[in-house]
Number of protein chains: 2
Amino acid sequence: MDAFASSSQDIAARCQRRLADCGIRPTAQRMRIASLLLAEPQHLSAEQILASLRRAGARVSKATVYNTLNLFASHGLIRQLSVDGARAWFDSNVDAHYHFHDVATGTLIDVPVPEVEFSRLPPPPPGTEVEGIDLVIRLRKTGS
Amino acid sequence: MDAFASSSQDIAARCQRRLADCGIRPTAQRMRIASLLLAEPQHLSAEQILASLRRAGARVSKATVYNTLNLFASHGLIRQLSVDGARAWFDSNVDAHYHFHDVATGTLIDVPVPEVEFSRLPPPPPGTEVEGIDLVIRLRKTGS
DNA sequence: TTCCTTGCAAAACTTTTGCATTAAA
DNA sequence: TTTAATGCAAAAGTTTTGCAAGGAA
């Protein structure tokens, strides 16, 4: 089942359901942020989200954007990425996957799990277990 | 050849040589930062380095620590890591390797390249080539 | 009402920068 | 002496927080 169904008019309805499933009250701001982010798999910064909503005429504050993103992330609706130290990226695709990172442009591209296979991985240290694997394949322009 | 030889008294001498090889003037502050960082493979934040040097009685400013770390990184003497969004970590091991990351404690542990084997990797998008692979294996305490 | 959410501004943090002073070659 | 590095303080950028006001149940 795909979290990003292709029908376009009822994104709001699906967002509302997903928030309800998490016990998150669907306020106007939260719905707008969810509708933007969960419309398709993408990577957005807090600032981009704020700018996009403001451009669309929404009344949202920076604090609410951050609060909401942290709230969503804590409920597993989105995932926070640390690819460069400069700022956080919020990934609306929470299925396991990896990333290409174009260092020059900053672009992030999803890499589906089946495209990477590990034939060998180290055992986690005693007393610990693997929570997840973050794989970033850094890209540069081909020097032809 | 190991960048971290085990003789202890001449760390300074080796640092001086490594700076000279990069054409970096070996000032007092740079030597202290290099001696601390390059003494062994480790992961330190700018703040940790500053605190450690001050504790040892060195006269160093925060600006110089940052300037120096950036300078070292740009010459490939150290590597800057982005594992959590909170701050940058500076890795004195510049040989290719991966990391374990204990999310609870923040601890980073090196994973040597031979302990990971990829049997499948996606081709880089057209016009790009792989610059490097950042692999972070996130760990949590075992829930026994 | 009662509790939760929002917005604003200020604060907190990390990192960078401008500029006068100091140290290195 | 000439050039580059340092320290300090201020600035810049991102994220968090305190608190009064607003909205939902």
Side-chain angles (χ1 to χ4, degrees), chain A residues 15-16 19-20 22-37 43-54 56-75 77-91 106 108, chain B residues 12 15-17 19-37 43-54 56-75 77-91 106:
Chain A
C15 285
Q16 183 144 25
L19 295 198
C22 295
I24 296 175
R25 186 186 297 180
T27 66
Q29 287 82 351
R30 287 172 180 171
M31 283 298 297
R32 298 202 71 146
I33 294 172
S35 298
L36 170 61
L37 210 35
H43 314 94
L44 296 173
S45 68
E47 210 58 50
Q48 286 178 328
I49 291 169
L50 181 64
S52 176
L53 295 186
R54 290 259 171 92
R59 183 179 178 277
V60 208
S61 72
K62 184 177 290 196
T64 296
V65 170
Y66 277 103
N67 288 341
T68 302
L69 290 172
N70 288 337
L71 180 70
F72 286 2
S74 74
H75 284 277
L77 285 170
I78 60 177
R79 203 174 115 195
Q80 181 171 344
L81 305 178
S82 305
V83 299
D84 55 38
R87 88 210 76 244
W89 293 98
F90 294 90
D91 192 339
L108 284 170
Chain B
C15 285
Q16 183 142 26
R17 175 122 61 100
L19 296 198
D21 289 348
C22 295
I24 296 176
R25 187 185 297 181
T27 66
Q29 289 82 351
R30 287 172 179 172
M31 283 299 296
R32 298 202 71 145
I33 294 171
S35 297
L36 171 60
L37 211 34
H43 314 95
L44 296 173
S45 68
E47 209 57 50
Q48 286 178 329
I49 291 169
L50 181 64
S52 175
L53 294 187
R54 290 258 171 94
R59 183 179 178 276
V60 208
S61 71
K62 184 177 291 196
T64 295
V65 170
Y66 277 103
N67 287 341
T68 301
L69 290 171
N70 288 337
L71 179 70
F72 285 2
S74 75
H75 284 275
L77 286 170
I78 60 178
R79 202 174 117 195
Q80 182 171 342
L81 305 178
S82 304
V83 299
D84 55 37
R87 86 209 75 245
W89 292 98
F90 294 90
D91 192 339

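Convention: sequence-line order gives letters A, B, ...; per-chain numbering from 1.
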Could you state the atom-to-atom distance from [atom1] of [X] to [atom2] of [N] in whole Å?
X       : N      : atom1 : atom2 : value
B:Arg54 : D:dT6  : CZ    : P     : 14 Å
B:Lys62 : D:dA11 : NZ    : P     : 16 Å
A:Leu50 : C:dC8  : CG    : P     : 10 Å
B:Asn70 : D:dA5  : CG    : C1'   : 15 Å
B:Phe90 : C:dT15 : CZ    : P     : 7 Å
A:Asp84 : C:dT16 : CG    : P     : 12 Å
A:Ile33 : C:dG7  : CD1   : C1'   : 13 Å
A:Ile49 : D:dT14 : CD1   : P     : 14 Å

[X] side-chain proximity, nearest of [options]:
X       : options               : result
A:Val60 : C:dG7, D:dT14, D:dC8  : C:dG7
B:Tyr66 : C:dT16, C:dT6, C:dT17 : C:dT16
A:Gln29 : D:dT14, D:dG7, C:dT6  : C:dT6
A:Arg87 : D:dT6, D:dT15, C:dT15 : D:dT15
B:Arg25 : C:dT15, C:dT6, C:dA25 : C:dA25
B:Thr27 : D:dC8, D:dT6, C:dG7   : D:dT6
A:Arg30 : D:dT6, D:dT15, C:dT5  : C:dT5

Base, sugar-phosphate, or nothing: which does B:Asn67 touch, judged by heavy atoms less than 4.0 Å apart? base

Which comes earlier along DNA chain C counting from the 5' end, the contact point of B:Ala28 or that of B:Ala46, where each point is its nearest nucleotide? B:Ala46

By nearest-heavy-atom nucleotide on DNA chain C, the more 5' of A:Thr68 and B:Glu47 is A:Thr68

Does [X] use its side chain to pair, donor to acceptor, with the backbone of [Y] at less than 3.5 Å?
X       : Y       : result
B:Ser35 : B:Met31 : yes
A:Arg79 : A:Phe90 : no
B:Arg54 : B:Arg59 : no
B:Thr64 : B:Val60 : no

Considering just the side-chain nitrogens and oxygens of B:Thr64, establish if one lies under 4.0 Å of OP1 or OP2 belonging to D:dA5. no

Nearest heavy-atom contact between A:Ser82 and B:Asp84 is OG-C, 3.5 Å

